[in-house]
Amino acid sequence: MAWLRVCADDELPPGRGRALDTAAGRIAVFRAEDGALFAIEDRCPHRGGALSRGVLYDVYKVACPDHGWTIDLTTGKVELPERGEVRKFAVKTVDGEVLLALPPTA
């Protein structure tokens, strides 16, 4: 697994997200209000809206800006009654840098 730099730790404030184009596709990285980091596929399962532009709420949820579908950042699953899920990726902070784990390419 390769680790890719996303940004400096202080460039991703609580309650915000940012998008990153990678070999694995476009990925959204979020910092929840409590400081936890999450990385998910930046594509709503409904109609492909950019989740990185969504609103974070209820600590670990993001609402798609296009149609309001809710994705749980801890599981990648869409909140009922809708169905679907997005891929999750490992993310961490090391030496003041936010790093994203990319799966090996085939």
Side-chain angles (χ1 to χ4, degrees):
M1 178 172 354
W3 290 90
L4 178 66
R5 181 186 184 276
V6 175
C7 63
D9 191 41
D10 62 358
E11 292 177 339
L12 187 61
R16 300 296 302 258
R18 68 170 30 195
L20 191 65
D21 288 314
T22 74
R26 193 162 174 89
I27 298 174
V29 179
F30 297 95
R31 183 182 307 277
E33 289 294 335
D34 67 358
L37 291 170
F38 297 94
I40 60 172
E41 181 178 7
D42 191 22
R43 185 182 183 287
C44 180
H46 178 225
R47 291 203 177 161
L51 296 173
S52 58
R53 294 189 344 243
V55 174
L56 272 70
Y57 71 100
D58 282 352
V59 186
Y60 302 138
K61 295 179 181 178
V62 62
C64 176
D66 292 346
H67 298 100
W69 278 36
T70 296
I71 289 81
D72 184 321
L73 294 172
T74 64
T75 64
K77 294 186 185 284
V78 172
E79 196 168 79
L80 295 175
E82 312 307 341
R83 294 178 189 241
E85 70 183 278
V86 295
R87 292 181 298 160
K88 292 178 33 181
F89 300 87
V91 63
K92 64 183 179 180
T93 302
V94 175
D95 296 330
E97 303 287 334
V98 177
L99 302 176
L100 170 70
L102 293 180
T105 57

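Atom set for the values below is all heavy atoms of this structure, side chains included, hydrogens, waters and symmetry mates excluded.
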Using the rule given for side-chain contact (heavy atoms from CB on, under 4.5 Å), can you reason through Leu73 versus Leu56, listing the C-alpha separation, both sets of side-chain angles and the distance that settles it, and then say yes or no? CA-CA 9 Å; Leu73 294 172; Leu56 272 70; 4.3 Å; yes
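- Arg87 places a side-chain N or O within 3.5 Å of a backbone atom of Ala24 that can act as its donor or acceptor partner.
- The shortest non-hydrogen separation linking Asp42 to Ala50 is OD1-C, 3.3 Å.
- Looking at every heavy atom in both residues, Ala39 comes nearest to Leu100 through CB-CD1, 3.5 Å.
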Might you work through the side-chain contact (heavy atoms from CB on, under 4.5 Å) test for Glu79 and Lys61, ending with a clear yes or no? CA-CA 9 Å; Glu79 196 168 79; Lys61 295 179 181 178; 2.6 Å; yes
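- Counting heavy-atom neighbours within 6.0 Å of Arg26 CZ, excluding the residue itself, gives a total above 12.
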Should Leu102 and Ile27 be marked as a side-chain contact (heavy atoms from CB on, under 4.5 Å) after you check the CA-CA gap, both sets of side-chain angles, and the distance that decides it? CA-CA 10 Å; Leu102 293 180; Ile27 298 174; 3.9 Å; yes
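- The shortest heavy-atom contact between Val94 and Lys92 is CG2-CE, 3.7 Å.
- Under the 4.5 Å side-chain contact rule for hydrophobic residues, Val29 and Val59 do not share a cluster.
- Each of Phe89, Tyr60, Phe30 was compared with Phe38 under the ring pair (Phe, Tyr, Trp, His ring centres under 6.0 Å) criterion, and only Tyr60 meets it.
- Scanning all heavy atoms of the two residues, the minimum distance from Trp69 to Arg83 falls at CZ3-O, 3.4 Å.
- Using a cut-off of 4.0 Å between Lys/Arg side-chain N and Asp/Glu carboxylate O, Arg53 and Asp66 are scored as salt-bridged.
- For Lys88 (side chain) and Thr74 (main-chain N/O), a donor-acceptor pair under 3.5 Å exists by modelled atom type.
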I'd like to know whether His46 forms a side-chain contact (heavy atoms from CB on, under 4.5 Å) with Cys64, so could you lay out the CA-CA distance, the side-chain angles of the two residues, the decisive distance to 0.1 Å, and finally the verdict. CA-CA 9 Å; His46 178 225; Cys64 176; over 6 Å; no
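- Heavy atoms only, all atoms of each residue included: Val86 and Pro45 are closest at CG1-CD, 3.8 Å.
- To the nearest 0.5 Å, the span separating CZ on Arg43 from OG on Ser52 amounts to 13.5 Å.
- Although no hydrogens or angles enter the test, the distance criterion places a donor-acceptor pair under 3.5 Å between the side chain of Thr22 and the main chain of Gly25.
- Atoms CD1 and CD, on Ile40 and Glu85 in that order, are 11.0 Å from each other to the nearest 0.5 Å.
- Of the options Ile71, Val78, Asp72, a side chain to side chain contact (heavy atoms under 4.5 Å, CB included) to Thr75 is made by Asp72 and by none of the others.
- Counting only heavy atoms from C-beta outward, the side chains of Asp9 and Arg31 approach each other to under 4.5 Å.
- When the salt bridge (charged side-chain N to carboxylate O under 4.0 Å, His left out) test is applied to Glu97, the partners found at least two apart in sequence or on another chain are Arg5.
- Distance check, rounded to the nearest 0.5 Å: CG of Leu12 to OG1 of Thr93 gives 8.5 Å.
- Of the inter-residue distances, the one linking Leu20 atom CG with Leu4 atom CG reads 5.5 Å to the nearest 0.5 angstrom.
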